[in-house]
Amino acid sequence: MRENPQALTAYRTANAYMEENAHRIGIGSLAWLIEEHGVPPEQIVEFIANSEYRHLLNDFFSVLDRATAEKVKDELEQYLRS
């Protein structure tokens, strides 16, 4: 990369982005916990409703597409009301 400073800059930019966003999808994130625990789709709302994961919800919703995030938020609200 010494001969190509643009490639080095691109690498550093990508690396910084990954470091800044690892908490959203990396180890310990809610998305990772869902995968790690093998939570089936029909049990995701029940799983994320656990109060110990409350601090992870915003990052979880930020990695979902808008429509899915809204749907899951609505389902979570209904689940918590019941």
Side-chain angles (χ1 to χ4, degrees):
M1 290 191 193
R2 290 182 185 143
E3 294 80 32
N4 188 347
Q6 291 174 330
L8 182 58
T9 300
Y11 170 79
R12 287 183 175 155
T13 300
N15 194 46
Y17 177 81
M18 291 298 292
E19 287 178 4
E20 291 170 9
N21 290 289
H23 65 280
R24 293 184 180 161
I25 58 173
I27 294 174
S29 70
L30 195 48
W32 178 83
L33 288 167
I34 289 167
E35 184 70 27
E36 184 70 12
H37 291 281
V39 179
E42 65 274 6
Q43 293 178 0
I44 287 176
V45 170
E46 182 180 349
F47 184 81
I48 68 173
N50 190 320
S51 63
E52 71 181 278
Y53 303 136
R54 185 171 291 137
H55 67 287
L56 301 172
L57 284 173
N58 286 335
D59 287 336
F60 176 69
F61 289 127
S62 75
V63 299
L64 301 176
D65 65 78
R66 174 178 249 138
T68 302
E70 291 302 319
K71 181 178 183 287
V72 174
K73 283 179 186 179
D74 289 344
E75 291 175 7
L76 179 60
E77 287 178 16
Q78 290 176 12
Y79 178 84
L80 292 174
R81 280 190 221 131
S82 60

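Basis for what follows: all heavy atoms, side chains included, without hydrogens, waters or symmetry-related copies.
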- Message: Can you tell me if N58 has over 12 outside heavy atoms packed within less than 6.0 Å of its CG?
- Response: no

- Mind listing the closest non-hydrogen atom pair of L33 and G28 along with its distance? CD1-O, 4.0 Å

- Message: Go through it in stages, so that I can follow the logic: the residues are S62 and D59, the test is side-chain hydrogen bond (donor to acceptor under 3.5 Å, both in side chains), and I'd like the CA-CA distance, side-chain angles, deciding distance and then a yes or no.
- Response: CA-CA 5 Å; S62 75; D59 287 336; 4.5 Å; no

- Task: Mind listing the closest non-hydrogen atom pair of L57 and L30 along with its distance?
- Result: CD2-CD2, 3.7 Å

- Task: Evaluate the salt bridge (Lys or Arg N to Asp or Glu O under 4.0 Å) criterion for residues K71 and E75: first the C-alpha distance (whole Å), next the side-chain angles of each, then the deciding distance (0.1 Å), finally the verdict.
- Result: CA-CA 6 Å; K71 181 178 183 287; E75 291 175 7; 2.6 Å; yes

- Just wondering, more than 12 heavy atoms not from L80 lying within 6.0 Å of its CG? yes

- Message: So, taking the atom named CD in E46 and the one named CG in L76, what distance separates them when rounded to the nearest 0.5 Å?
- Response: 11.5 Å

- Query: Is there a chain of hydrophobic side chains (I, L, V, M, F, W, Y, each step under 4.5 Å between heavy atoms) that links V63 to Y17?
  - Reply: no

- Considering all heavy atoms of both residues, which atom of S29 and which atom of L56 are nearest to each other, and what is their separation? C-CD1, 4.3 Å

- Message: Contact between T68 and F61 at the side-chain level, heavy atoms closer than 4.5 Å - yes or no?
- Response: no

- Taking all non-hydrogen atoms of both residues into account, name the closest pair between Y53 and F47 and its distance. CD1-O, 3.4 Å

- Considering non-hydrogen atoms only, spot the tightest contact between I25 and W32 and give its length. O-CB, 4.1 Å

- Query: Ignoring hydrogens and geometry, is there a side-chain-to-backbone donor-acceptor pair from T9 to P5 under 3.5 Å?
  - Reply: yes

- Task: Would you mind checking if E77 and K73 are paired as a salt bridge, meaning a charged N to carboxylate O distance below 4.0 Å?
- Result: no

- Pair I48-I34, side chain to side chain contact (heavy atoms under 4.5 Å, CB included): steps then yes or no: CA-CA 8 Å; I48 68 173; I34 289 167; 4.0 Å; yes

